[in-house]
Amino acid sequence: MEPVRLSKRMAELGLCSRREADSYIEQGWVKVDGEVAILGQKVLPHNLIEVDKKAQDAQASRVTILLNKPMGYVSGQAEDGYEPAVVLVKPENQWAEDKSRRRFSPQHLKGLAPAGRLDIDSVGLLILTQDGRVAKQVIGEHSSVDKEYLVRVEGELSDEGLRLLNHGLELDGKKLLPATVAWQNEDQLRFVLREGKKRQIRRMCELVGLRVVGLKRIRIGKVKLGNLPTGQWRYLRDDESF
């Protein structure tokens with residue numbers, strides 16, 4: 001078996017992200033078979049990897065924030081004159097009913113990045129995290145975390161169209177994974193997806209003759225948007241996971 005880069009192996013084991021692993025290695029917080037690791041080192045599956053408590057403490061201090069994104073904000077970097085959703089993460093927008101007991105600190109903005117995206121014209125639950133493990137769990141290549149959306153549509157949907165939304169459509173020349181799509185009420189569909197291609201729901205609807213006029217994400221894995229008000233945010237609690 002070919003040796004792999006230590007940071008890649010640490011990410012595969014779920015210890016941290018690759019970027020975090022490189023940082024820990026640089027600071028001397030990682031040992032391989034009892035020896036302090038060096039950046040770029042390669043390992044085999046049988047090598048014992050140990051991570052210092054300092055790295056574990058650093059991970060524990062990282063925050064994950066749940067934001068109810070309004071329309072008109074982009075998920076990531078600012079683009080085309082639109083502000084990124086992270087600008088809403090400020091003390092005055094923290095939900096009064098946040099039960100995490102965390103107090104806002106400017107340090108919580110450092111390295112805060114979206115784990116998954118919501119289009120500028122979509123609203124609802126957006127994850128912003130400093131923790132590479134959370135990002136990998138939610139949007140990693142092998143992620144099994146599903147996402148639930150309420151989608152208001154215009155147009156006529158046949159039984160065959162509904163069947164195709166659940167399974168049978170292609171985007172960009174690739175078959176989509178099976179989804180769960182059903183009517184929530186007379187003009188709104190509920191989508192549960194296990195993948196996240198760009199503008200996937202809107203494009204799926206177009207393929208069956210529907211036009212999306214409103215899209216709201218209400219759940220990611222086991223974490224629900226709940227009563228979090230639009231434009232406000234809260235911390236992910238210690239007893240919550242995706």
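Numbers here simply count residues along the sequence, with the first being 1.
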Problem set entry | Contacts of type side chain to side chain donor-acceptor pair (under 3.5 Å), residue Arg234, not counting sequence neighbours | Glu240
Exercise. Other hydrophobic cluster members with Leu125, side-chain heavy atoms of Ile/Leu/Val/Met/Phe/Trp/Tyr under 4.5 Å, chained?
Worked result: Leu66, Trp95, Ile127, Val134, Val138, Ile139, Val145, Ile220, Val223, Leu225, Leu228, Leu236, Phe242
Exercise. Just by modelled atom types, is the Ser23 backbone N or O under 3.5 Å from a matching donor or acceptor in the Gln27 side chain?
Worked result: yes
For this session: For residues Val30 and Leu6, determine if any side-chain heavy atom of one lies less than 4.5 Å from a side-chain heavy atom of the other.
Result: yes
Seminar exercise, completed: Distance col, row Thr64:OG1 vs His108:NE2, nearest 0.5 angstrom, shows 10.5 Å
Problem set entry | Counterpart residues, side chain to side chain donor-acceptor pair (under 3.5 Å), relative to Asp187 (two or more places apart) | Arg152
Exercise. For Asn185, what residues pass the side chain to side chain donor-acceptor pair (under 3.5 Å) criterion, not counting sequence neighbours?
Worked result: none
Exercise. Is any side-chain heavy atom of Ile201 less than 4.5 Å from a side-chain heavy atom of Tyr149?
Worked result: yes
For this session: Give me the ring orientation class for Trp29 and Tyr24: parallel if the planes are under 30° apart, tilted from 30 to 60°, perpendicular past 60°.
Result: tilted
Exercise. Are any side-chain N or O atoms of Lys69 and backbone N or O atoms of Ser122, one a donor and one an acceptor, separated by less than 3.5 Å?
Worked result: yes
Problem set entry | Straight-line distance of Cys205 SG to Leu165 CG, nearest 0.5 Å | 6.0 Å
Problem set entry | Sub-4.5 Å side-chain heavy-atom contact between Arg199 and Asp121 | yes
Exercise. Do Tyr235 and Arg102 have side-chain atoms, one donor and one acceptor, less than 3.5 Å apart?
Worked result: no
Exercise. Taking only residues at least two apart or on different chains, which pairs with a member in residues 174-201 satisfy ring pair (Phe, Tyr, Trp, His ring centres under 6.0 Å)?
Worked result: none
Problem set entry | Leu150 vs Gln184 side-chain heavy atoms within contact, under 4.5 Å | yes
Exercise. Is it the case that more than 12 heavy atoms not belonging to Glu35 sit under 6.0 Å from its CD atom?
Worked result: no
Exercise. Is the closest side-chain heavy-atom distance between Leu162 and Val208 below 4.5 Å?
Worked result: no
Exercise. Taking a hydrophobic cluster as the set of Ile, Leu, Val, Met, Phe, Trp and Tyr residues connected by side-chain heavy atoms closer than 4.5 Å, whether directly or through intermediates, do Leu207 and Val151 fall within one such cluster?
Worked result: yes
Exercise. Can you tell if the side chain of Ile218 reaches within under 4.5 Å of the side chain of Lys224, non-hydrogen atoms only?
Worked result: no
Seminar exercise, completed: In this structure, CZ of Arg133 is separated from CZ of Arg62 (nearest 0.5 Å) by 8.0 Å
Exercise. Sequence neighbours excluded, which residues qualify as salt bridge (Lys or Arg N to Asp or Glu O under 4.0 Å) partners of Glu148?
Worked result: Arg190, Arg219
Exercise. So how far is it from Gln200 CD to Leu169 CG, rounded to the nearest 0.5 Å?
Worked result: 9.5 Å
Name the atoms and distances for all side-chain donor-acceptor pairs under 3.5 Å in residues 75-93, with sequence neighbours left out.
from	atom 1	to	atom 2	distance (Å)
Ser75	OG	Leu118	N	2.6
Ser75	OG	Leu118	O	2.7
Asn93	ND2	Leu88	O	2.9

Problem set entry | side chain to side chain contact (heavy atoms under 4.5 Å, CB included) between Leu48 and Val32, worked out | CA-CA 6 Å; Leu48 176 64; Val32 176; over 6 Å; no
For this session: For Asp172, check salt bridge (Lys or Arg N to Asp or Glu O under 4.0 Å) against everything at least two apart and list the hits.
Result: Arg203
Exercise. Above 12 or not: heavy atoms from other molecules or residues under 6.0 Å from CD of Gln107?
Worked result: no
Exercise. Does atom CG of Asp239 have more than 12 heavy-atom neighbours, drawn from other residues, nucleotides or ligands, at distances under 6.0 Å?
Worked result: yes
Exercise. Side chain of Gln137, backbone of Ser144: donor and acceptor closer than 3.5 Å?
Worked result: no
For this session: Please assess Arg117 against Asp119 for the test side chain to side chain contact (heavy atoms under 4.5 Å, CB included), listing each intermediate value before the final yes or no.
Result: CA-CA 6 Å; Arg117 54 174 287 141; Asp119 298 325; 3.3 Å; yes
Exercise. Quick one: are Leu176 and His167 in side-chain contact, heavy atoms under 4.5 Å?
Worked result: no
Without placing hydrogens or testing angles, list every side-chain donor-acceptor pair under 3.5 Å for residues 38-47, not counting sequence neighbours.
from	atom 1	to	atom 2	distance (Å)
Gln41	OE1	Ile38	N	3.0
Asn47	OD1	Leu44	N	2.6
Asn47	ND2	Asp33	OD2	2.8

For this session: Only counting residues at least two apart or in another chain, list the ones meeting side chain to side chain contact (heavy atoms under 4.5 Å, CB included) with Arg19.
Result: Ser17
Exercise. Side chains of Ile65 and Thr129: does their closest heavy-atom pair fall under 4.5 Å?
Worked result: no
For this session: Applying side-chain contact (heavy atoms from CB on, under 4.5 Å) between Arg18 and each of Lys136, Arg5, Lys8, report the one that passes.
Result: Lys8
For this session: Answer yes if Val74 and Leu128 sit in the same cluster of Ile, Leu, Val, Met, Phe, Trp and Tyr residues linked by side chain heavy atoms under 4.5 Å apart, and no otherwise.
Result: no
For this session: Please lay out, stage by stage, how Phe104 and Val63 fare under the test side chain to side chain contact (heavy atoms under 4.5 Å, CB included).
Result: CA-CA 10 Å; Phe104 176 78; Val63 300; over 6 Å; no
Problem set entry | Within residues 204-213 or reaching into it, pairs that qualify as salt bridge (Lys or Arg N to Asp or Glu O under 4.0 Å) - sequence neighbours excluded | Glu154-Arg211
Seminar exercise, completed: In Leu189, Leu215, Val213, the residue satisfying side-chain contact (heavy atoms from CB on, under 4.5 Å) with Val153 is Leu189
For this session: List the steps and the verdict of side chain to side chain contact (heavy atoms under 4.5 Å, CB included) for Arg9 and Leu15.
Result: CA-CA 9 Å; Arg9 179 64 177 154; Leu15 297 173; over 6 Å; no
Exercise. Could you state the interatomic distance from CD1 (Ile25) to NZ (Lys31), rounded to the nearest 0.5 Å?
Worked result: 14.5 Å
Exercise. Considering residues at least two apart in sequence or located in another chain, which fulfil the side chain to side chain donor-acceptor pair (under 3.5 Å) criterion with Asp98?
Worked result: Gln94, Ser100
